[in-house]
There are 2 protein chains.
Amino acid sequence: MDIIKVFANNVKKYRTEIGLSQEAFAEKAGLHRTYISAIEREKRSIALDNVQKIADALEIETYLLFVEVK
Amino acid sequence: MDIIKVFANNVKKYRTEIGLSQEAFAEKAGLHRTYISAIEREKRSIALDNVQKIADALEIETYLLFVEVK
DNA sequence: ATGTGACTTGGAGTCCGTG
DNA sequence: TCACGGACTCCAAGTCACA
């Protein structure tokens with residue numbers, strides 16, 4: 001299974017669960033809105049520091065973003 | 001806790017557990033020897049595709065690399 | 001067998017927009 | 001609200017020589 005796919009799905013899942021738009025979430029994470037969009041569309045391989053920023057903004061443990069949900 | 005630190009520690013931990021040198025491990029992961037060195041010394045913020053390569057070479061689940069061990 | 005500085009280049013990440 | 005594109009900037013990727 002591709003980690004980028006798992007990551008993308010999880011970001012989308014947790015983001016919608018807390019009811020944030022891509023835009024609002026991007027701002028909370030300190031990242032760009034088009035970047036979040038690209039991530040969820042699996043268009044980019046993201047770096048670790050931003051992985052942490054995203055996990056922080058989602059208010060979850062970092063490793064959860066890599067656990068495949070089926 | 002810094003994710004890069006956790007990641008670095010875990011790479012080192014799992015790598016030594018299976019008894020591989022940085023050099024042998026780098027080759028198995030398809031990465032450069034000095035690159036592995038830099039990662040374990042927390043000198044680089046690495047991207048997701050390489051995280052997966054490393055997890056594959058360590059023969060562990062990807063998320064384990066982000067679980068903090070104390 | 002590993003740490004480290006320096007280097008080039010491809011892609012991560014930003015910012016403008018449109019439908 | 002989001003997908004997607006073009007044009008950037010800058011840092012991670014990948015490699016080298018040397019300690």
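Residue numbering restarts at 1 for every chain, and letters A, B, ... go by the order of the sequence lines. The structure displayed is predicted, hence computed values, not measured ones.
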Checklist entry - Heavy atom of residues 41-50 of chain B under 4.0 Å from DNA chain D: which residues? => result Arg44(B), Ser45(B), Ile46(B), Ala47(B), Asn50(B)
Checklist entry - Could you state the OH-P distance from Tyr35(B) to dG5(C), rounded to the nearest angstrom? => result 17 Å
Checklist outcome for this item: Result for 5'-nearest mapping on DNA chain D, choosing between Leu20(A) and Leu31(B), is Leu20(A)
Item to check | Any strand: nucleotide that pairs with dT1(D) via Watson-Crick or wobble, under 3.5 Å | outcome: none
Next on the checklist: Is the shortest side-chain heavy-atom distance between Leu58(B) and Phe25(B) below 4.5 Å?
Outcome noted: yes
Item to check | Distance in angstrom units between Glu40(B) CD and dT2(C) P, rounded | outcome: 8 Å
Item to check | Side-chain touch Gln22(A)/Arg33(A), heavy atoms, less than 4.5 angstrom | outcome: no
Checklist entry - Just to confirm, is there a sub-4.0 Å distance from OP1 or OP2 of dA1(C) to any side-chain nitrogen or oxygen of Ser21(B)? => result no
Checklist outcome for this item: note: His32(B), atom NE2; dG14(D), atom C1'; distance rounded to Å ~ 7 Å
Checklist entry - So, is Ser37(A) close to the dA3(D) phosphate, meaning a side-chain N or O under 4.0 Å from OP1 or OP2? => result yes
Checklist entry - Would you say Arg33(A) reaches dC4(D)'s phosphate, i.e. side-chain N/O to OP1/OP2 under 4.0 Å? => result no
Checklist outcome for this item: Note: for Ala38(B) and Glu23(B) on DNA chain C, the residue whose nearest nucleotide lies more 5' is Glu23(B)
Checklist entry - Do you know which two heavy atoms are closest between His32(A) and Thr34(A), and how far apart they sit? => result CD2-OG1, 3.0 Å
Checklist entry - Parallel under 30°, tilted from 30 to 60°, perpendicular over 60°: which one fits the rings of Tyr63(A) and Tyr63(B)? => result tilted
Checklist entry - Given atom CD1 of Ile39(B) and atom P of dC11(D), what is their separation to the nearest angstrom? => result 19 Å
Item to check | Thr34(A) side-chain proximity, nearest of dA3(D), dC4(D), dG14(D) | outcome: dC4(D)
Checklist entry - Could you walk me through whether Asn10(A) and Leu64(A) pass the side-chain contact (heavy atoms from CB on, under 4.5 Å) check? => result CA-CA 8 Å; Asn10(A) 283 334; Leu64(A) 286 175; over 6 Å; no
Checklist entry - Given Tyr14(A) and Ile54(A), is the side-chain contact (heavy atoms from CB on, under 4.5 Å) satisfied, shown in steps? => result CA-CA 10 Å; Tyr14(A) 288 114; Ile54(A) 290 171; over 6 Å; no
Checklist entry - If you measure from the Lys or Arg side-chain nitrogens to the Asp or Glu carboxylate oxygens, is any gap between Glu42(A) and Lys12(A) under 4.0 Å? => result no
Checklist entry - Which parts of residues 58-67 of chain A get close to DNA chain D, meaning a heavy atom less than 4.0 angstrom away? => result none
Next on the checklist: Tell me the interatomic distance from Ile54(B), atom CD1, to dG14(D), atom C1', rounded to whole angstroms.
Outcome noted: 13 Å
Checklist entry - Do Val67(A) and Glu61(B) have side chains that get closer than 4.5 Å, going by heavy atoms? => result no
Item to check | Side chain Arg15(A), main chain Val11(A), donor-acceptor under 3.5 Å | outcome: no
